Amino acid sequence: MSLTSAPTEEAVAGAPAPVAPGRAARRGPRLGVNPRGFAFALGLLVVIELLTATLVTSAYVPRPSEVGSALLSEIGEGDILSGLGDTLWAYLQGLGIAAGLGVILGAALGASNVAYQTFRVVIEFLRPLPSVALIPFSILLLGVGSTTTVAMIAYASFWPILFNTYYGVRGVHATSVETARSFGVGGLGVFFRVQIPSAATSVAAGVRISASIALILVITVEMLTRSGGLGHYIVRMQVAIRTEEMYAGIFLVGLIGYLISLVVGHLERRVVFWNVDSREDGGR
Amino acid sequence: MVTKKTRGAVALVVAAALSSLAACGGDGDTVVEENADGTTSITVATVASDSGSQAFYADSLGFFEDQGLEVTVKVVANVPDLAAAVESGDAQFALTSPTSVASASTAGINFRIVAGGAIYTVDNPGVWIMVPAGQDGITSVDDLEGKSIAVNALNTMPHLSTLATLDDAGVDVDSINSVTLDFTQVGQAFESNQVDAATVTAPFNYQIESDGIGTTMLSPYDAVNNGEDFYNTIWFGEQGFIDSNPEVVDTFRAAIAETNAWANDPANEDERKAILQEVTSLTDATMEDMQLLLFDDEVSPEMIQPLMDLMERFEVLPQPVDAASIIAGTD
Amino acid sequence: MSRTTFVNRVLPWILPLTLLGLWEYFGRVGDSIYLPPLSEVLTAMREDWLFDHAQSDLLPSLRRFAVGYLAGSVLGILLGMAIASSRRVAQYTGPTLEFLRALPAVAVLPVAVLIFGLGDGMRISIIAFGVLFPVLVNTATGARNTRQERIDVARMYGLSRFEIVRRVIFPSAIPMISAGLRVGLPIALIMMVVSELVGGQNGIGFYLTTTQSIFDISGMFTALIILGLLGNIINAVYTRLETRSLHWASQL
């Protein structure tokens with residue numbers, strides 16, 4: 001019901017950050033060094049270190065230096081990294097499934113109002129259901145283990161991609177479609193050669209949003225189901241009351257999040273380079 | 001054109017999912033086939049703690065193999081997940097508290113207890129009521145009237161036994177504010193004085209004591225069966241499966257019995273702790289402090305019924321449960 | 001009835017009704033405890049949620065949702081504007097924010113307990129944490145996309161830096177901010193449930209775990225249905241507010 005009323009805004013919702021034209025594109029961080037950013041992060045760590053050394057003296061709040069040495073020794077022993085492969089593999093699978101399904105369905109819904117109206121209510125109903133509440137059903141259907149993790153990741157990261165594709169495809173200029181038609185391109189041809197490419201910016205932004213949702217989900221589900229991976233490591237350390245190691249695991253998650261955002265941002269700029277100019281007018 | 005096909009396809013997928021959900025369970029009477037080498041492959045689900053550690057010992061010391069069982073041990077987080085794993089046939093046996101099997105039974109799920117797990121004994125209860133250090137006002141159970149007490153989840157054994165302890169001491173149970181709090185967060189809550197007491201299992205009590213954050217008052221489990229033994233955890237399976245695979249159940253029981261004999265033997269304490277540490281990643285210091293739980297394999301109604309009675313006493317069950325009715329082979 | 005009316009008014013309800021019908025059918029045919037017939041779930045819904053749990057669980061959840069969502073949104077807009085209006089702030093805080101953004105609520109929980117204790121404050125902070133980032137990212141993007149000419153003109157008229165942010169950059173970022181606020185809605189709802197799953201005394205998430213652990217599957221479905229309905233209602237309310245305030249904003 002709500003989706004119909006404000007398509008333009010949602011279409012913009014799809015396109016945060018670096019793909020934006022002109023000034024913003026130049027401003028986007030270059031892949032790699034940002035000395036100020038690291039200085040800030042380092043300063044923050046020092047502040048926390050001082051705080052935890054003086055004011056906040058809790059047995060449950062380790063100092064950053066303790067977490068750091070725990071991280072190093074755990075990496076040395078290989079314990080913390082052994083689950084990392086599983087986590088990343090589940091992450092890629094879940095995100096891949098979400099991207100595949102999200103783009104296909106989103107494009108179908110965007111191309112046909114009948115299709116959109118058919119699924120509208122069901123989609124709006126399913127979207128706010130938290131994956132974590134669906135875990136028992138997933139275990140029932142898919143069993144305990146990585147399949148459930150992948151399914152939950154796919155479920156949660158599906159929605160942004162679906163909606164961004166939908167609005168991307170819908171937001172394509174009517175003139176572009178008309179032009180293609182007048183050149184004798186058929187319905188499916190227009191769909192694949194005009195609508196899909198033009199929607200790429202929006203789709204890419206959706207994938208970027210989902211890339212961070214998927215990471216959150218993979219860790220959450222691993223923590224809640226204890227099905228291996230980095231999330232299981234974190235919860236195992238929590239239960240074993242090894243707080244330093246637990247925060248080392250959490251730190252690693254944040255680090256991976258940072259790296260993923262760098263990689264995805266970089267990929268996005270490369271993949272949808274053609275759209276930067278074509279959307280100079282705001283893309284609406 | 002896209003529409004009709006897509007709609008059809010989606011409806012098909014949804015129908016398939018629904019029907020497989022509908023098909024899950026009920027028909028758990030699938031027979032587990034023997035492998036070519038005469039062994040039988042099954043999966044068991046358990047929790048990574050001392051009270052759920054039997055499967056890890058059996059797995060690493062070969063007690064399952066001795067009985068011709070090829071067992072995959074899966075670690076599962078909580079009761080709904082365990083139940084879903086067994087209900088769907090993903091796991092044949094799983095470890096939980098007898099109270100969960102009773103709840104399932106009143107909900108119409110036919111789980112049956114097949115083998116024993118960890119037991120309570122007076123000298124080795126495994127669960128304690130603790131109070132934060134420096135709380136001078138609270139020295140006995142009577143002082144807990146009107147206080148907030150942390151328990152890991154409502155209507156579980158730690159919660160109900162705590163209520164029973166208070167009730168027996170003449171404390172008005174309705175005055176108690178039961179706060180659900182994961183065991184892992186009790187220490188933190190003690191430090192900042194957010195609760196007045198907490199019911200805690202091992203190894204968290206050792207940690208809290210050694211850090212000087214809290215002190216142990218007593219075990220609430222003393223009130224469950226007047227200090228007599230009862231089952232803390234048990235192994236359960238789906239009735240359909242149990243009925244159609246009696247020999248799998250027998251071999252599993254035999255393997256668990258063999259495990260218990262080994263694990264209860266004080267001579268094996270060091271080896272047992274090593275395996276437990278491998279699974280739980282507990283620190284050396286905690287391992288040292290830890291008193292290991294005892295296991296038992298004879299599942300008698302007498303060692304289950306007190307828990308059912310406790311659930312009934314605090315009106316947790318919609319109807320009374322007879323312990324014998326949820327133990328395999330006694331109903 | 002014209003074709004368009006049919007497509008827009010009737011068609012959306014065909015699939016949901018079909019699915020509900022299938023649910024009832026399979027619930028009756030199958031004997032799985034995990035798929036109770038729809039009618040049973042609806043009975044449980046009437047018994048549990050009319051008045052009883054609506055007051056004890058739904059209201060506290062909604063209150064936390066509202067406060068957490070507002071706090072996260074305001075913080076997100078403020079931080080986003082700060083980041084967008086100063087290149088330096090953006091560079092300094094960028095990596096730290098990307099780092100924080102990746103942290104799952106479950107992992108942040110111990111820290112939240114430490115700072116806010118066990119009460120609603122902790123849960124609200126978790127919800128705000130989840131809403132903060134989508135709002136922040138959209139705000140910053142929207143603000144950065146302000147046309148340079150407009151800023152230059154404002155500067156020529158001698159407006160201070162703060163005035164430019166308030167009167168030029170902020171208004172032109174409103175559509176993007178609004179989109180971010182909408183993205184934040186389902187996230188806040190999910191965070192609300194997650195924060196109640198882990199240690200709690202009331203709320204929809206708490207109800208959900210309780211019903212799961214005592215195998216009250218019908219009860220569990222009612223919680224899911226309520227969440228789905230809530231998602232729809234909140235979204236619809238937001239759309240109305242958005243249309244109005246955008247109209248207002250465009251006249252600034």
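Source: prediction; values computed, not measured. Chain identifiers are assigned alphabetically (A, B, ...) following the order of the sequence lines, protein sequences preceding nucleic acid strands; residue numbering begins at 1 within each chain.
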Within a radius of less than 6.0 Å around CD of B:Gln319, do more than 12 heavy atoms belonging to other residues, nucleotides or ligands occur? yes
When the 4.5 angstrom heavy-atom criterion is applied to B:Ala104 and chain C, the contacting part is both
Exceeds 12 heavy-atom contacts within 6.0 angstrom, atom CZ of B:Arg313: yes
d(C:Thr210 OG1, B:Asn155 CG) to nearest 0.5 Å is 8.0 Å
Counting C-beta onward and ignoring hydrogens, is there a side-chain heavy-atom pair between B:Val79 and C:Phe215 closer than 4.5 Å? yes
Only pairs of heavy atoms separated by less than 4.5 Å count here; which of B:Ala102, B:Ala153, B:Ala107, B:Ser192 has the most with chain C? B:Ala107
With rounding to the nearest 0.5 angstrom, report the CD to CE distance, B:Gln194 to C:Met122. 8.5 Å
Tell me the salt bridge (Lys or Arg N to Asp or Glu O under 4.0 Å) pairs involving residues 208-223 of chain C, sequence neighbours left out? none
Between B:Val316 and chain C, with a heavy-atom cut-off of 4.5 Å, which part of the residue counts as in contact: side chain, backbone, both or neither? neither
For atom OH of C:Tyr238, decide whether the heavy atoms of other residues, nucleotides or ligands shown that lie under 6.0 angstrom number more than 12. yes
Once rounded to the nearest 0.5 Å, what's the spacing between atom CD of C:Glu196 and atom OG1 of B:Thr180? 10.5 Å
